[in-house]
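Here's the structure we're looking at; comments come further down.
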Amino acid sequence: LVNPLACYETDYKIEPTSQSKKCAVIGGGPAGMSCAATLAERGHQVTLYEASDKLGGQFNLAANIPGKDEFFKTIRYFKTQFAKLGVEVKLNTKVAKDDLSGFDEVVIATGVKPRYPNILGIDHAKVIFYDELIRKEKVAGKKVAIIGAGGIGFDVGEFLSEDNSLHGTSDDIYANPQAFCKEWGIDMNIEAEGGLVQAQHQRSPREIYLLQRKTGKPGKTLGKTTGWIRRMTLTKRGVKSLSGCNYDKIDDQGLHITRNEKTEILDVDNVIICAGQVSVNSLYEELKDTQSCHIIGGAEFAGELDAKRAIKQGVLLAAKL
């Protein structure tokens, strides 16, 4: 995920540059951070601009999902590299076209923003977008419908179905090996047949519906090695998955859907929108015809959030400049 050179050491070369350039990287997410660090490693003069008050981009959201706090360590790594390599980091800084005229190379890594689906009532008070929820800018109620069953939808499902009161206690499955084994039915004494005992999965403190428009299995696009774990986790916690849903409207009654040619109303406190992302690339469109400009990461292609692709793009672009 974080080292594109692994197993490709002879294909991808990070070598000192023969001509040091003045480079600007716009956006401090995974793509921007990897590009800035590699550019500086090669000997370029690098300034990294980030509009928010901290580095990390979508990694800051991912790290708040149960079991994914290690993403904070990746952010810490890049901060350390920037200090060692002399990357100038400017937080809380939005840049315009005119601010970049003095740079030899400009890399646009401005990432993504949530997609607003065309649903009647999308501006209703019950609606919360996934980034607002994970940043804890808004709090979900006890009954929740999640629109979108991709990677982000499952992340939000885990986030909402977790018993937050257990964090840091002896029952926290992400901090305590004994609690993890209890959750998954692993016999640490290796006395039970097959090393397995009855699993004791936590139940969600909320009533949660996970919905998708597609008629196939929810979570089909999740990672091959971990997707089954994530699907099982939500199932064991009592999250209800509904496929083939048309979203009719959101109002005071809840979420109105049509499924199997039948209309129903999900009486929920909140509707969480995880309906994909769109690229933030307006600055690239302004610059591309007048300056040496490159675009990477989510700004180039939103799709499913893919940190592996973003980091690799950052490193490989920096290796060429």
Side-chain angles (χ1 to χ4, degrees), residues 58 60-72 114 124-186 197-212 217-219 222 226-243 245 247 250-257 259 264-275 305:
Q58 296 288 322
N60 288 306
L61 298 181
N64 281 303
I65 302 303
K68 292 189 176 184
D69 62 331
E70 62 189 15
F71 284 128
F72 283 131
H124 193 277
K126 287 180 180 285
V127 172
I128 302 176
F129 283 82
Y130 73 84
D131 56 335
E132 299 174 316
L133 177 78
I134 298 173
R135 290 193 186 104
K136 301 180 181 179
E137 296 169 3
K138 294 184 179 180
V139 179
K142 288 294 184 182
K143 295 188 291 184
V144 177
I146 301 171
I147 289 181
I152 297 176
F154 270 79
D155 276 352
V156 168
E158 291 185 51
F159 183 81
L160 291 174
S161 63
E162 175 83 349
D163 185 350
N164 295 319
S165 66
L166 298 178
H167 288 317
T169 72
S170 60
D171 292 321
D172 185 349
I173 66 170
Y174 299 105
N176 186 309
Q178 287 77 21
F180 179 88
C181 290
K182 181 180 177 181
E183 172 90 358
W184 289 99
I186 301 168
V197 295
Q198 182 64 42
Q200 300 180 42
H201 288 279
Q202 301 172 9
R203 297 294 290 181
S204 170
R206 293 180 171 89
E207 180 181 348
I208 301 174
Y209 297 92
L210 180 64
L211 303 94
Q212 67 175 20
K217 179 174 65 176
L222 297 176
T226 58
W228 67 274
I229 302 173
R230 304 182 70 192
R231 287 190 291 269
M232 185 182 291
T233 296
L234 296 194
T235 299
K236 296 295 185 182
R237 289 180 181 175
V239 175
K240 304 177 184 70
S241 296
L242 302 178
S243 299
C245 300
Y247 311 118
I250 302 166
D251 61 15
D252 291 344
Q253 292 181 287
L255 175 61
H256 297 245
I257 64 172
R259 183 168 169 261
E264 56 184 302
I265 302 172
L266 302 181
D267 177 20
V268 293
D269 301 313
N270 292 106
V271 179
I272 314 299
I273 307 298
C274 305
L305 294 180

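Count residues from 1 along the sequence.
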Subject >> Stepwise side-chain contact (heavy atoms from CB on, under 4.5 Å) check, Tyr209 with Lys143 >> reply: CA-CA 8 Å; Tyr209 297 92; Lys143 295 188 291 184; over 6 Å; no

How long is the straight-line distance from [atom2] of [Y] back to [atom1] of [X], given to the nearest 0.5 Å?
X	Y	atom1	atom2	value
Leu133	Asn64	CG	CG	10.0 Å
Ser243	Lys217	OG	NZ	10.5 Å
Lys126	Ile272	NZ	CD1	11.0 Å
Phe71	Gln58	CZ	CD	11.5 Å
Leu234	His201	CG	NE2	11.5 Å

I want to check something: taking the side chain as every heavy atom from C-beta on, are [X] and [Y] in contact at a cut-off of under 4.5 Å?
X	Y	value
Ile273	Tyr130	no
Trp184	Ile229	yes
Leu210	Ile147	no
Glu264	Leu266	yes
Leu242	Ile257	yes
Arg231	Leu222	yes
Val271	Tyr247	no
Asp155	Lys68	yes

State whether the side chain of [X] and the backbone N or O of [Y] hold a donor-acceptor pair below 3.5 Å, judged by distance alone.
X	Y	value
Arg135	Leu61	no
Glu183	Gln202	yes
Asp69	Ala63	no
Arg206	Ser161	no

Are there more than 12 heavy atoms of other residues, nucleotides or ligands under 6.0 Å from atom [atom1] of [X]?
X	atom1	answer
Lys182	NZ	no
Lys142	NZ	no
Glu70	CD	no
Lys236	NZ	no

What are the two closest non-hydrogen atoms of [X] and [Y], and how far apart are they?
X	Y	result
Ile208	Gly157	CD1-O, 4.2 Å
Gly67	Tyr174	CA-CD2, 3.4 Å
Phe129	Pro114	CD2-CB, 3.9 Å
Arg203	Thr235	NH1-O, 4.5 Å
Lys138	Val127	NZ-O, 4.0 Å
Cys274	Val156	SG-CG2, 3.6 Å

Original post:
Looking at Asn270, Asp252, Asp251, which one forms a side-chain hydrogen bond (donor to acceptor under 3.5 Å, both in side chains) with His124?
Top reply: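 Going through Asn270, Asp252, Asp251 one by one, the side-chain hydrogen bond (donor to acceptor under 3.5 Å, both in side chains) with His124 is satisfied by Asp252 alone.
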
Subject >> SB check Glu158 Arg237 (cutoff 4.0 Å) >> reply: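 No, Glu158 and Arg237 are not salt-bridged.
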
Subject >> Intermediate values then yes/no, side-chain contact (heavy atoms from CB on, under 4.5 Å), Leu160 and Ile146 >> reply: CA-CA 10 Å; Leu160 291 174; Ile146 301 171; 4.3 Å; yes

